[in-house]
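Just below is one structure, and these are the notes that go with it.
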Amino acid sequence: MSDYPGRVETGLNTRENWWADMPPRTGRGPRPRRWVFFGLAFIVPGCVPAAVDLATDGATAKELVIAALLLFYGACYVLFPLSLRPSRRKLTYVFSALMLLVGLTLVFLHDNNPYILIYATAVLAFTLPPAWALILDGGALLLVLGVHLAIGKDDFGDLVAVASITAAMFFMANLVRAVRKLEAANREIATLAVAGERERLARDLHDILGHSLTTITVKAGLARRILESGKDDSRALQEIREVESLTRSALSDIRATVSEYREVSLSAEVAGARAALRAAEIDADLPHAVDNVDPALQRTFGYVLREAVTNVLRHSGAKHVKVRLGKTWLEVEDDGEGGEAMAGNGLQGLTERLDAVGGTLTATTPPGGGWLVRADVPESALRSDATAPLSEPAGGCA
């Protein structure tokens, strides 16, 4: 197993890779049908001279057997990619073992010439897991070496050449495995990046539209009530102007969020909360400045304040809201109905935003009733420069 999460092991340094099949192709290299032409280019030059000898000198029974085996052997080499489909795994093993057996038979029938074995050892390197390829190819070469020693042959140059070519094919096959794994990992990374960006956009839109539309609804409702009462048309007109301004601002925020250029400001969120709570006729006790909050946390706390105030406007039925700030913490408390904390989309998104800076979010009901949301970041997280990234982790969406 890898010592690092998410690391792709592509070499032969793990047991799993030694016994793993060849990964599926990813569009590179010759297709199985096209390989036929490449295979013929390798196999025909070796078969043509043998066919010419048989045609000119006549053929004995042994030569006819050799010719038939050569024809079968060549066909196996040309058609071996067709056995590599995952649904034909057993066929792949049988095919490889049979081809190696035929190759060894041809070696012993043809004056112990080991060169004919190259085609089988190369095929095994590409079709079987590295462990099986090493066992079978190494075993076949050792068997040929044993026969050479038994018959007293002292020239091992051909066998060394075959062993070298087989080793090269073995490591080339491992390179192909590594490339295919990396290509698969790149495709997975691209998919995860798209999913992460989609979730980031969904959460930011939830934060923006949830607050803006709630404020617009409150202000529009206030303007309607004023107009129905007929008491203060100028106040109603002012509220409608603010609704128009909020609508334009929300549209601008959406465009900026889609382009990933939008930055949340804690001071702006305090001002927005004051306007929204005033329109909802909720008494707000808000800080006049946010300078005491660590600059690295102002963006994250801006999201917390926005979502907490949105929840007050939507659900709480509160008459009073108090916001308190510290260097590494923020509290939003209201005197509404309270109740059991529900891990909704907004709270889930805020929890993940605080996780990104090493902090925690708690939502509880105080002893006196109402609702208390607290964001807290340990100073140790600030010392380690754990600041909020531009693209925060995935969270909930509306």
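Numbering of residues begins at 1 and proceeds along the displayed sequence. Only heavy atoms go into these numbers, but all of them, side chains included; no hydrogens, no water, no symmetry mates.
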Item to check | Ion pair Glu281/Lys319, N-O distance below 4.0 Å | outcome: no
Checklist entry - Heavy atoms, side chains only, cut-off 4.5 Å: are Leu330 and Val293 in contact? => result no
Checklist entry - Any side-chain heavy-atom pair from Thr360 and Leu354 closer than 4.5 angstrom? => result no
Checklist outcome for this item: In short, Leu297 meets Thr328 closest at the heavy-atom pair CD1-CA, 3.7 Å
Side-chain donor-acceptor contacts of residues 125-135 below 3.5 Å, not counting sequence neighbours, with atom names and distances?
from, atom 1, to, atom 2, distance (Å)
Thr127, OG1, Ser96, OG, 2.9
Thr127, OG1, Val123, O, 2.8

Checklist entry - How close do Met22 and Ala173 get, heavy atom to heavy atom, and via which atoms? => result CE-O, 3.9 Å
Checklist entry - Are Val107 and Ile66 in one and the same hydrophobic cluster, where Ile, Leu, Val, Met, Phe, Trp and Tyr link if side-chain heavy atoms are under 4.5 Å apart? => result yes
Checklist entry - Do you reckon Leu91 sits in the same ILVMFWY cluster as Tyr93, going by side-chain contacts under 4.5 Å, direct or chained? => result no
Checklist entry - Do the side-chain N and O atoms of His320 and Asp283 include a donor-acceptor pair separated by under 3.5 angstrom? => result yes
Checklist outcome for this item: Here the gap from Asn174 atom CG to Trp18 atom CH2, rounded to the nearest 0.5 Å, amounts to 8.0 Å
Next on the checklist: Using the rule that Ile, Leu, Val, Met, Phe, Trp and Tyr join whenever any side-chain heavy atoms are under 4.5 Å apart, tell me whether Trp19 and Phe170 fall into a single cluster.
Outcome noted: yes
Checklist entry - For residues Ser265 and Ser267, is any side-chain donor paired with an opposing acceptor at under 3.5 Å? => result yes
Checklist entry - Is the count of non-hydrogen atoms from other residues, nucleotides or ligands lying under 6.0 Å from Glu188 atom CD greater than 12? => result no
Next on the checklist: Applying side-chain hydrogen bond (donor to acceptor under 3.5 Å, both in side chains), can you list everything that pairs with Asn186, at least two apart in sequence or on another chain?
Outcome noted: none
Item to check | For the student: nearest non-hydrogen atoms of Tyr119 and Tyr73, plus distance | outcome: CB-OH, 3.6 Å
Next on the checklist: Hydrophobic clustering (ILVMFWY, side-chain heavy atoms < 4.5 Å, transitive) - are Leu372 and Val312 grouped together?
Outcome noted: no
Checklist outcome for this item: On a heavy-atom basis, the closest approach of Ala236 and Ile226 is CB-CG2, 3.6 Å
Next on the checklist: Would Arg187 and Glu183 count as a salt bridge (charged side-chain N to carboxylate O under 4.0 Å, His left out) here? Give the steps.
Outcome noted: CA-CA 6 Å; Arg187 290 198 306 274; Glu183 289 178 343; 5.2 Å; no
Checklist entry - Which atom pair, heavy atoms only, marks the closest approach of Ala289 to Leu325? => result O-CD1, 4.1 Å
Item to check | Side-chain heavy-atom pair His288, Arg274 within 4.5 angstrom cut-off | outcome: yes
Next on the checklist: Test salt bridge (charged side-chain N to carboxylate O under 4.0 Å, His left out) on Glu331 and Lys322; report intermediate values, then the result.
Outcome noted: CA-CA 8 Å; Glu331 285 186 352; Lys322 181 186 293 184; over 6 Å; no
Checklist entry - Under a 4.5 Å side-chain heavy-atom rule over Ile, Leu, Val, Met, Phe, Trp and Tyr, are Val290 and Trp329 clustered together? => result no
Next on the checklist: Under a 4.0 Å threshold between the charged nitrogen and the carboxylate oxygen, would Glu244 count as salt-bridged to Arg248?
Outcome noted: yes
Item to check | Atom pair OG1 (Thr215) and CZ (Arg306), whose distance is rounded to the nearest 0.5 Å | outcome: 8.0 Å
Item to check | Any Asn112 side-chain heavy atom under 4.5 Å of Ile151 side chain | outcome: yes
Checklist outcome for this item: In this structure, CD of Glu269 is separated from CZ of Arg299 (nearest 0.5 Å) by 11.5 Å
Checklist entry - What is the minimum heavy-atom distance between Gly103 and Ile116, and which atoms define it? => result O-CG2, 3.9 Å
Item to check | Glu242/Lys219 salt bridge by N-O under 4.0 Å criterion | outcome: yes
Checklist entry - Side-chain contact, heavy-atom cut-off 4.5 Å: His148 with Phe156? => result yes
Checklist entry - Does the side chain of Leu313 come within less than 4.5 Å of Val309's, by heavy atoms? => result yes
Checklist entry - What distance do Asp21 atom CG and Arg177 atom CZ have between them, rounded to the nearest 0.5 Å? => result 8.5 Å
Item to check | Between CG on residue Leu136 and CE on residue Met99, distance to nearest 0.5 Å | outcome: 13.0 Å
Item to check | Side chain to side chain, Leu104 and Val144, heavy atoms closer than 4.5 Å | outcome: yes
Next on the checklist: Could you tell me if the side chain of Val373 sits less than 4.5 Å from the side chain of Leu350, heavy atoms only?
Outcome noted: no
